[in-house]
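Comments concern the structure below.
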Amino acid sequence: MPFIPHTETEIGEMLAAIGAPSIDALFDEIPAALRIKSLAAIPDALSEMEVGRLMQARANQDGRPLNFLGAGAYEHHIPAAVWAIVTRGEFYSAYTPYQAEASQGTLQLLYEYQTMMSSLTGMEVSNASLYDGASALAEACLMAVRAHRKSKSARIVVPSTLNPTYLSVSRAVVEGQNLSFTVLPYEAGKGTLQFSKLEALKGEDLTAVVIQQPNFFGQMEDVDAITDWAHANNALVIAVVNPLSLALFKPPGEWGSKGVDIVVGDGQPLGVPLSSGGPYFGFMTTRMEHVRQMPGRIIGRTVDLDGKQGFTLTLQAREQHIRRSKATSNICTNQGLLVTAATIHMSLLGAAGLESVAATSQRQAAKLVEKLTRIPGVKVVFDGYRFHEAVLQLPVKVSDVLDALAKRNIVGGLDLSKLYPELGNALLVCATEMRTDADLDAYASALAAVLERKP
Amino acid sequence: MPFIPHTETEIGEMLAAIGAPSIDALFDEIPAALRIKSLAAIPDALSEMEVGRLMQARANQDGRPLNFLGAGAYEHHIPAAVWAIVTRGEFYSAYTPYQAEASQGTLQLLYEYQTMMSSLTGMEVSNASLYDGASALAEACLMAVRAHRKSKSARIVVPSTLNPTYLSVSRAVVEGQNLSFTVLPYEAGKGTLQFSKLEALKGEDLTAVVIQQPNFFGQMEDVDAITDWAHANNALVIAVVNPLSLALFKPPGEWGSKGVDIVVGDGQPLGVPLSSGGPYFGFMTTRMEHVRQMPGRIIGRTVDLDGKQGFTLTLQAREQHIRRSKATSNICTNQGLLVTAATIHMSLLGAAGLESVAATSQRQAAKLVEKLTRIPGVKVVFDGYRFHEAVLQLPVKVSDVLDALAKRNIVGGLDLSKLYPELGNALLVCATEMRTDADLDAYASALAAVLERKP
Amino acid sequence: MSITEPLIFKHSRSGRSAVGQYPQGASAEVPEKFRRRKRAALPEVSELQAVRHFTRLSQLNFSIDTHFYPLGSCTMKYNPRACNAFAMLPEFLGRHPLAPNSVSQGFLSCLYELQEMLKEVTGMKGVSLTPMAGAQGEFAGVAMIRAYHRARNDLERTEIIVPDAAHGTNPATATMCGCTVVEIPSLSNGDIDIDALKAALGPKTAGIMLTNPSTLGVFERRIQEVAKLVHDAGGLLYYDGANLNAILGKVRPGDMGFDVIHMNLHKTFSTPHGGGGPGSGAVGVGQRLLPFLPIPTVGKEGDNYRWLDEKDVPQTIGRLSAFMGNAGVLLRAYVYMRMLGREGMHRVAEFSALNANYLLARLKKAGFDAAYPERRASHEFIITMKRQAKELGVNAMDFAKRLLDYGFHAPTTYFPLLVPECLLIEPTETEAKEELDAFVDALIAIQAEAEQDAAKVKGAPYTLPVRRLDDVRAAKQLDLTYGMRNTE
Amino acid sequence: MSITEPLIFKHSRSGRSAVGQYPQGASAEVPEKFRRRKRAALPEVSELQAVRHFTRLSQLNFSIDTHFYPLGSCTMKYNPRACNAFAMLPEFLGRHPLAPNSVSQGFLSCLYELQEMLKEVTGMKGVSLTPMAGAQGEFAGVAMIRAYHRARNDLERTEIIVPDAAHGTNPATATMCGCTVVEIPSLSNGDIDIDALKAALGPKTAGIMLTNPSTLGVFERRIQEVAKLVHDAGGLLYYDGANLNAILGKVRPGDMGFDVIHMNLHKTFSTPHGGGGPGSGAVGVGQRLLPFLPIPTVGKEGDNYRWLDEKDVPQTIGRLSAFMGNAGVLLRAYVYMRMLGREGMHRVAEFSALNANYLLARLKKAGFDAAYPERRASHEFIITMKRQAKELGVNAMDFAKRLLDYGFHAPTTYFPLLVPECLLIEPTETEAKEELDAFVDALIAIQAEAEQDAAKVKGAPYTLPVRRLDDVRAAKQLDLTYGMRNTE
Ligand SMILES: Cc1ncc(COP(=O)(O)O)c(C=O)c1O
Ligand SMILES: Cc1ncc(COP(=O)(O)O)c(C=O)c1O
């Protein structure tokens, strides 16, 4: 029996000890009428060899196309050491560190992670992860409402340059709790928040203003001005950031004159493979004053009976298993293993390494834009400083182009025509340090061919 | 500096402590004229990302053809757990267990391995590995000469059905030591040792007789008769076996009336991937009476100062680091990590699992032979009981066929025409449990097409 | 062996770095206003130092791969290595979540079949795999219940009934969904107090959240009656699938009358828990809630798989993650289910129940107090140390900590809250009898120690990297990042 | 933490098995005469039990990934994880060794380039990668020397000169090649005794085997003179490349006058040692020995790579392995060399020398006795505990064992044989200064312990899975397999 160690003899001995005539008898409290007859739709067991063959066949169907898609998930080099360590049984197969003394490895690592994330974002404290960037934003909105007692509106201002899925997820998650979102448009030609629309909200009760930097188009927002405006207007500021970009860019803790209040984002660029969308991890950092409103687990350093340093889950009174219906969130299981990856990844790259990766990504993306816009009919949509993504305008329907590129084994980017119809045939492209010049050329010539309808 | 942790400050401090003006000064005992000027032929450093891309490109060149080659290296399913554990740093990056107290993991594992190999081969003791099957046979020949004091001839009888490379390697290794090999032909149509040729040696001083079971053609030798004959004629018997096959077949320790004297072989079928030929591992087991003549490391169980059980290298007086020019062999580094894989592999499969793998391999090979011999012009060369390989005769030159099959992404087997010219267009094919019926059909139709000179 | 390891920051030296890991010579011209002024205080270490540090840290953990881990409600069973290996095939790892369907058919087919298999084992009509953990699955479930009532214009239904034995995520979820929580007690035999349930039901009832078997380790025998009562009152039934391991292949939540269920794939379907996550809280629904399933799900048309989104499920409660939940966890669960196959599903409940009931029988015989001595254990059960706490001053936590010294992870302590001094013990089906026997022996030995030398047990653990930690200090003198306090 | 683990056989129960790992229902009809009667006594365990057992066993080891491991002559430096990852790409793992060249160009190109790079760093004219460890490389080298003399019909040359400091494999290899060993002493400054060398040289001299720097940790300064003497006498020079790390990128054996060299790729080129192996003992040769290189090697014609065999190298000493040596180890070395690149090669010797000389300087300052105090350390050096053994009764082994308690692997003990009570210490270039400092602190602390309480040091280790083991009993009461003795 796969994964079942029991021998016939042992089964007999165990039933005897229980005093039950059969294994089936152990289920005699279940009403007989309810008992399953068969699970006809479940296929027969496969051996590991067979399932391996099956999975490889499935994987081969998808292949390994050359990727120019970002839009919230980015392909970066991950040192081989990272996942070699992450998948060690002691990390991989442990539960949440409830028994601190038997979990010092995970706990110390999480404390180190909290330190790194706080420093990277320029904030004071970090939790030990949330599910992903999108749901972390939802949690940040709820947290802002709790933290900003003076604001009664539960009204959150978001720019339309925020990743649209992050807004969808936030709406879905806060649905039951009477928060409202006010979406502000972007400046045509610039692709950044139309500041005048923000100004127009002056005097209204706003709980928080969300800023994504770099924004969904890859453009850089005037984060200082927005942060200061929000604080001047008694709103908290929630920053949504790509943690890798913070190696180059001013951390949210330094935006404006006093820094933002809550920082969230997706930690995926820090050592987590694209892996079809997950598992990634959401991060959240904040000021010390808000720590008790923060959702998710937090690790603290303390001492043991002998005065020796050790690490443990702390501030658990915020959490569902203690506070139940009054908890800051219902989150329990988080994304610990991905945080393990990120912590090792950040340790291996260091600040210098992250900076270099970010700078190279930006350089390759700029080259990509340059190469693609040499093709007749392909234009850059927005001016201004960009990180490693850009919006391009194509002369024809984007989805057709992407399909044609996919046939050439290229994942060409994200079709923006449904999310931002006003942009017409707009395509969001991305390049990271993983895309060589040859890759960029391959894309450019494929795109040129597709646009000329060459076979 | 990749892999170098030194900071500029530290370099300065360290040189100061040494009292050297520069790192270069540390090499001042080397005659100046000898110092390297440049290593022009070494390319610039690549980052891990770059070398990863390079290696993947090289790997892609080779692809993953469907394999029907055996001839001493066999493709079997290896449980995912095996290499996940083998590559744990504690196994992967440890040295030989010289400090027993700090190496109990490796030592206990090796003791377990010795137990398993002894039982599998039906012998009393095992060493902790030699390089590979071929060189293990060479060591076995040398060992036989040492162990068989009464024989003065240093003459080893080998059947021509022994893997020809094993014989080449043995010749190369024993070259300096005046051993001689007498090669006996096989029975035409049967592919097993021509017993009469052995009988003809009666009365001569033979040090040992080598028997490979199953032999290089995949056929089964009459091992009982050969063993008894050898013992009756005062020769030792060295068995060369595929360890997996021993799950089905009588172990060498039970061949004839008293079993063989030394067993060697390649452990590759026990959890080691084909990996282009290595690293594999050679194993050797023997009778207790010969243990002091055995080359290679041996682990023993003992007790510590508190009387607690522990494991340590033992009988080191046989080895080069103690006995120097009088050692049983010069072997030092062996194939420990592969033994680690094999030990985990054998533990996961157990005797029942190995038996099932062997039986399935045999079944698939039989099916393969059946399917291929349905093709006009393709015939089985030898009668008799076979394990999972077979010699086929083709109507045309084998190397041309193999080239054509390779273009169809099939590695079709081994061309025997150079090794055994008398067999004509002979091909050695193999199938294991990894080859599905669909795989066999794919081979059959490819071969049929190739023989019909279809494109 | 190595029993402590300094913080990674202690290994850091300015200028040290694993330079092979990043492109050399790149720099970006960042406009002054966006430029970071001071580098983040990440460690500066060599590759060896990082590898050694984190390898050593890992060794400080207990885990399934190293220890028996009978943590009740957590289903710490063997996480097959094959699941990891096949979920991490380079093609899957390299696939961008928004890649076109044409280069995603392999991945999508796995998800589709996983949906189908989960429907079959739960008796549900539709499944969405997107929730990223149990709690998010609960959220999805309760949000669907609310959406259902709202769609029927039944706007008053905002109360969620929750038994006192429920996991904390249940009430917390209800609150997150904007509901109010009505708690009902359990009877002394572990079943729900039906009278209390009846009293709680009414026109405001949106639904009830149940775990069955409950976290008390017993099966709710009157589940059909409960279902009828709730349905008759206009409410829906939510099944917290954390305990699905207990009944897999034996009885299906759909057949018990539940309208919605979440499954902790990281429990019943054996994806690893990763020291805290990731998990997956896939949800299944009956007919009534089908229109509200969170998106995306995977549909099949002919031989073609594609994402289903708001266009296909216009009444959906929406998206819960930026992409498709914890995709890699889903692949692991898929591989696991394919390896178990039909017969294997049945065996999960059978052998987890056999192990739990055996362990309970042996512990009862050894003199320990079962919380529900008259009941069958499900896949887990509770013993209470109330007597030991009172008579010897040795409480459940002391037993738990001392177990660590004996080489066993502790059971869940002090949950569920209603049983005093409780240990919730879940051996799972993948543990061998001799492991259970050794665990019983350890508890017996600790009992003897407690009787002879209570202080010894109360001082445990002794053999771990640290002795018992000061949680109060941790919460009072917050030290949450290196550098926050002047401590070294 | 887990400090012992029973034998796997203790977890075994008749009928237990990880059935998911093999095909079900297969059986073979084996003729009676070939049939196995009784199954082998392999363990019968579940997958979890196997995983847990071997994971726990692994934790009982010291290793580079967990500990500083200054084992002299063994070059225990960081084994980059990338080397493992890229050598284990599925295409390489799945490649059959005898696959046609047309589906092997990727693999062959790596080996070809590795040959070229090794030629460059050693100053040799040809390289064969086939030897599977240092000792087999030595065998290949001496066999080539013999073949060379024989080819010239110079049949008397059967003596191999070996300094007393040589590694045991050197004389053992000479014997294996049918040569006789002539040992010559070292001077008290660590250099070879040139007079003794002169006396040993003669018409029977086949060659000399040298390690330079020698295993005494010092560079043979008169190497040019030695080379001239040996060559003039008609012998050839063999370079034991175990210590190549000390000179990589600084001086080349070919330029020193050596005719043949083996390289321990598992040392200088950082492939992992795997708890005993595999290694690789690639050999390089100068012009004279080119015709004798062991096969196969890889040749390049145009853009095409192919195996070279006896047809290409008719005078070859032959094959040493069934296929192509330890191919996977070669790929690891290739990756490593590509990551180091040209500059990185130079750094290897520079920083291994810096670390060794720093450690030596600090230990001398702390009062320890260097074996060759006037000499530069190479990448390693010797301290002798002769004084401590005499004065305190605490010997080199006691220091070594006590170091384990301090969390450091011990240096090599009692080798080379000519230095009494020696510790041969090789820190390697990948260790950080603070690690070296901590090691010095530990030795100082142990020295203090030895002075105060010799018995304490002699009783070490205390904190490892076992205390000091009884080697004598191990050799006398042989217990080599479970079941051999009546012990449990
Ligand atoms: C009974 C019960 N319900 C819900 C949950 C929540 O699941 P998760 O931790 O995946 O969010 C758990 C897990 O701890 C549980 O045990
Ligand atoms: C100086 C020296 N020569 C030769 C060898 C033998 O190398 P191997 O162990 O790879 O056979 C070693 C390794 O132990 C060594 O240190």
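Side chains are part of it too, since the values below use all heavy atoms of this structure and drop only hydrogens, waters and symmetry mates. Convention: sequence-line order gives letters A, B, ...; per-chain numbering from 1.
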| field | Test log, rule salt bridge (Lys or Arg N to Asp or Glu O under 4.0 Å), inputs B/Glu101 and D/Arg468 | value | CA-CA 7 Å; B/Glu101 298 83 358; D/Arg468 216 178 290 190; 5.3 Å; no
| Contacting region of B/Ser129 [heavy-atom separation from chain D under 4.5 Å] | neither
| task | Answer yes or no: is there a side-chain heavy-atom contact under 4.5 Å between B/Phe91 and D/Leu57? | result | yes
| Contacting region of B/Glu433 [heavy-atom separation from chain D under 4.5 Å] | side chain
| task | Determine, stepwise, if the pair B/His6 / D/Phe351 fulfils ring-ring contact (aromatic ring centres under 6.0 Å, His included). | result | CA-CA 8 Å; B/His6 302 68; D/Phe351 288 90; 4.9 Å; yes
| task | State, with a plain yes or no, whether a side-chain heavy atom of B/Met220 is found less than 4.5 Å away from one of D/Phe34. | result | yes
| Considering only heavy atoms, which portion of B/Val339 lies under 4.5 Å from any heavy atom of chain D: side chain, backbone, both, or neither? | neither
| field | Atom group of B/Leu354 that falls short of 4.5 Å from chain D, counting heavy atoms | value | side chain
| said: Does any part of the side chain of D/Arg146, heavy atoms only, come nearer than 4.5 Å to the side chain of B/Glu175, both counted from C-beta? | reply: no
| Could you state the interatomic distance from CG (D/Asp470) to OG1 (B/Thr302), rounded to the nearest 0.5 Å? | 4.5 Å
| B/Ala247 versus chain D, heavy atoms under 4.5 Å apart: side chain, backbone, both or neither? | backbone
| When you check the gap from the basic side-chain N to the acidic O, do D/Asp479 and B/Arg301 get nearer than 4.0 Å? | yes
| Stepwise salt bridge (Lys or Arg N to Asp or Glu O under 4.0 Å) check, D/Lys33 with B/Asp222 | CA-CA 9 Å; D/Lys33 66 181 299 195; B/Asp222 188 352; 3.1 Å; yes
| field | Aromatic B/Phe27 / basic D/Lys250 pairing, under 6.0 angstrom, 45° off normal | value | yes
| field | B/Gln177 side chain to D/Met176 backbone, donor-acceptor under 3.5 Å | value | yes
| B/Tyr95 (side chain) donor-acceptor with D/Leu71 (main chain) under 3.5 angstrom | no
| query | What part of B/Asn67 gets closer than 4.5 Å to chain D, counting heavy atoms only: side chain, backbone, both or neither? | reply | side chain
| Side chain, backbone, both or neither: which part of B/Ile23 has a heavy atom under 4.5 Å from chain D? | side chain
| query | Considering only heavy atoms, which portion of B/Asp44 lies under 4.5 Å from any heavy atom of chain D: side chain, backbone, both, or neither? | reply | both
| query | Less than 4.5 Å apart, any side-chain heavy atom of B/Pro79 and any of D/Gln21? | reply | yes
| message | Counting only non-hydrogen atoms closer than 4.5 Å, does B/Ser93 touch chain D with its backbone (N, CA, C, O), its side chain (CB onward), both, or neither? | response | both
| said: Nearest 0.5 angstrom please: B/Ser135 OG to D/Phe139 CZ, how far? | reply: 10.5 Å
| task | Go through the steps to decide whether B/Glu355 and D/Arg36 satisfy the test salt bridge (Lys or Arg N to Asp or Glu O under 4.0 Å), and finish with yes or no. | result | CA-CA 10 Å; B/Glu355 192 178 312; D/Arg36 183 168 191 127; over 6 Å; no
| field | Atom pair NE2/CZ of D/His167 and B/Arg324 - distance to nearest 0.5 Å | value | 8.5 Å
| request: Work out which heavy atom in D/Gly328 is nearest to a heavy atom in B/Pro279; give both atom names and the distance. | output: N-CD, 3.5 Å
| request: Heavy-atom distances under 4.5 Å only: say whether B/Thr314 touches chain D with side chain, backbone, both or neither. | output: side chain
| said: Let me confirm one number: the OG1-CD1 distance from D/Thr173 to B/Ile331, rounded to the nearest 0.5 Å. | reply: 11.0 Å
| task | Check each atom of B/Phe281 against the heavy atoms of chain D and say whether the ones under 4.5 Å are side chain, backbone, both or neither. | result | neither
| request: Decide if atom NZ of B/Lys407 counts as having more than 12 heavy atoms of other residues, nucleotides or ligands within a radius under 6.0 Å. | output: no
| field | Backbone of B/Ala40 reached by a side-chain donor or acceptor of D/Glu120 within 3.5 Å | value | yes
| D/His96 NE2 to B/Leu414 CG distance, which is reported to the nearest 0.5 Å | 8.0 Å
| remark: If one checks every heavy atom of B/Gln56 against chain D at 4.5 Å, the contacting part turns out to be both
| Polar side-chain atom of D/Lys119 near backbone of B/Ala41 as donor-acceptor pair, under 3.5 Å | no
| request: Indicate yes or no: at least one non-hydrogen side-chain atom of B/Thr343 is less than 4.5 angstrom from one of D/Phe54. | output: yes
| message | Tell me whether B/Glu90 contacts the main-chain N or O of D/Ser58 through its side chain, where contact means a donor paired with an acceptor under 3.5 Å. | response | no
| said: Is B/Ile85 in contact with chain D via its backbone, its side chain, both, or neither, using a 4.5 Å heavy-atom distance? | reply: side chain
| Residues B/Arg88, D/Asp65: salt bridge by 4.0 Å N-O rule | no
| Considering only heavy atoms from C-beta outward, does the side chain of D/His53 approach that of B/Gln108 to under 4.5 Å? | yes
| field | D/Glu429 portion near chain B, given a 4.5 angstrom heavy-atom threshold | value | both
| field | Check: B/Asp132 side chain, D/Ala322 main-chain N or O, donor-acceptor pair, under 3.5 Å | value | yes
| field | Test item: D/Thr175 side-chain N/O and B/Lys326 main-chain N/O as donor-acceptor pair under 3.5 Å | value | no
| task | Please report the shortest heavy-atom distance between D/Thr430 and B/Phe3, naming the atom on each side. | result | CG2-O, 3.2 Å
| task | Below 4.5 Å from any heavy atom of chain D, which atoms of B/Arg171 appear? Answer side chain, backbone, both or neither. | result | neither
| request: Flag the pair B/Leu348 / D/Glu47 as yes when at least one side-chain heavy-atom distance between them is below 4.5 Å, and no otherwise. | output: yes
| query | Where is the tightest heavy-atom contact between B/Tyr385 and D/Pro31, given as atom of each residue plus distance? | reply | CE1-CD, 3.2 Å
| Is it the side chain or the backbone of D/Ala349 that comes within 4.5 Å of chain B heavy atoms, both, or neither? | both
